[in-house]
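Just below is one structure, and these are the notes that go with it.
Here the structure is a predicted model, which means the values were calculated and not measured. Just so it is clear: chains get the letters A, B, ... in the order the sequence lines come, proteins before strands, and each one is counted from 1.
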2 protein chains.
Amino acid sequence: MLKQETLSKNQQIVLDYIEKVNEPIKAYSILHNVQKKGIKAPLQVYRALDKLVEIGKIHKIESRNAFVACKNSSCQLSKATAFSICESCEEVSEISDNKLSKYLKSFQDKAGMKFKKYNLEFFGLCKKCSIK
Amino acid sequence: MLKQETLSKNQQIVLDYIEKVNEPIKAYSILHNVQKKGIKAPLQVYRALDKLVEIGKIHKIESRNAFVACKNSSCQLSKATAFSICESCEEVSEISDNKLSKYLKSFQDKAGMKFKKYNLEFFGLCKKCSIK
DNA sequence: CTTATTAATGTTATATTATTACACAATGTT
DNA sequence: AACATTGTGTAATAATATAACATTAATAAG
Ligand SMILES: [Zn+2]
Ligand SMILES: [Zn+2]
Ligand SMILES: [Zn+2]
Ligand SMILES: [Zn+2]
């Protein structure tokens, strides 16, 4: 059983909002949307984001400077993440594929290096945008 | 044979500098170091970077907002990139592994989505930092 | 060669993303 | 209680990146 972190007030406010919007969202957009909850400054958002990333509740989409809720309780607390990103509509989905994560984990091992995590981002067109 | 792009003046200046430093470097650091060559504004650097990324001469390390020269003429013009990043000394190396790129390419195909590229970043400790 | 088109440049201003610094409060441990 | 750890509030600022506009250079047709 994974350790269940107790979130602080600001962390919970930020997580609630990210889970609600259910798509990648940027820090300053979060800020604007949680100001009614009493969060006033960027740093309050960034501190909450840091913690939420650390405990694996959310991930950062590095190529987009955006944050998204984890959809995959088995992604080993943010240490092994993979996403597909549509370059047309910017839709992002988290990839949950056991074979892929096993392959990448074993790749790390073979390389003889002490990797703790990885992040993989695929770019292209989602199904909807492929049709157009 | 791959198409050989002719670089513009600014593109060449920026590429020369990135190839010379031979490690990931940030846009504003590039700017400071090429001002003696006549490049005065951030935008001149960013425009050159955009083009160099597009033609695969350099890659962006997304998690670090830094740029590095491509060491791997076979990485298919920036469409399939993989890096290992040391979280201690920030050393970055480009991974060139045929099996890995084939695996990820086939993964894309199986997913039935039209992906054009991917970027993979492994994080951990390099050999030097593992010993310490 | 002339015209049209595209790509690159120069410059200023501004937008966006993220961190430093410092004072203080809440929480958990011994 | 004393201490350590974590979280908060606030202001200022740093770092990263783009918008807008005028101009020039390079390519490609006709
Ligand atoms: Zn996840
Ligand atoms: Zn799409
Ligand atoms: Zn490369
Ligand atoms: Zn290292």
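When only modelled atom types and interatomic distance are considered, A/E62 and B/S63 share no side-chain donor-acceptor pair under 3.5 Å.
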Name each donor-acceptor pair under 3.5 Å that joins a side chain in residues 33-41 of chain B to protein atoms two or more places apart or in another chain, with its distance.
residue: B/N33; atom: OD1; partner: B/Y17; partner atom: OH; Å: 3.4
residue: B/N33; atom: ND2; partner: B/Y17; partner atom: OH; Å: 3.1
residue: B/N33; atom: ND2; partner: B/S29; partner atom: O; Å: 2.7
residue: B/K36; atom: NZ; partner: B/N33; partner atom: O; Å: 3.3

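With contacts defined as side-chain heavy-atom distances shorter than 4.5 Å, the pair B/F107/A/I95 qualifies.
In this structure, CZ of A/R64 is placed 13 Å from P of D/dA17, rounded to the nearest angstrom. Distance CG (B/D50) to P (D/dT16): 16 Å, rounded to an integer number of Å.
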**Per-nucleotide protein contact string for nucleotides 7-14 of chain D (B base, S sugar-phosphate only, - none; heavy atom under 4.0 Å)** = SBBBB---

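Not a single side chain to side chain donor-acceptor pair (under 3.5 Å) links A/Y46 to another residue, sequence neighbours left out. For the side chain to side chain donor-acceptor pair (under 3.5 Å) test, no residue two or more places apart in sequence or in another chain qualifies with A/E23. With sequence neighbours excluded, the residues satisfying side chain to side chain donor-acceptor pair (under 3.5 Å) with B/E90 are B/R64.
Annotation: cation-pi geometry satisfied between B/K117 and A/F123 (NZ/CZ under 6.0 angstrom from ring centroid, within 45° of ring axis).
For B/K60, no side-chain nitrogen or oxygen approaches OP1 or OP2 of D/dT16 to under 4.0 Å.
Here the closest heavy-atom approach between residue B/A82 and residue B/L100 is recorded as CB-CD2, 4.1 Å.
Chain B approaches DNA chain C over the interval C/dA8 to C/dT12, counting the first and last nucleotide 5' to 3' with an atom under 4.0 Å from its heavy atoms.
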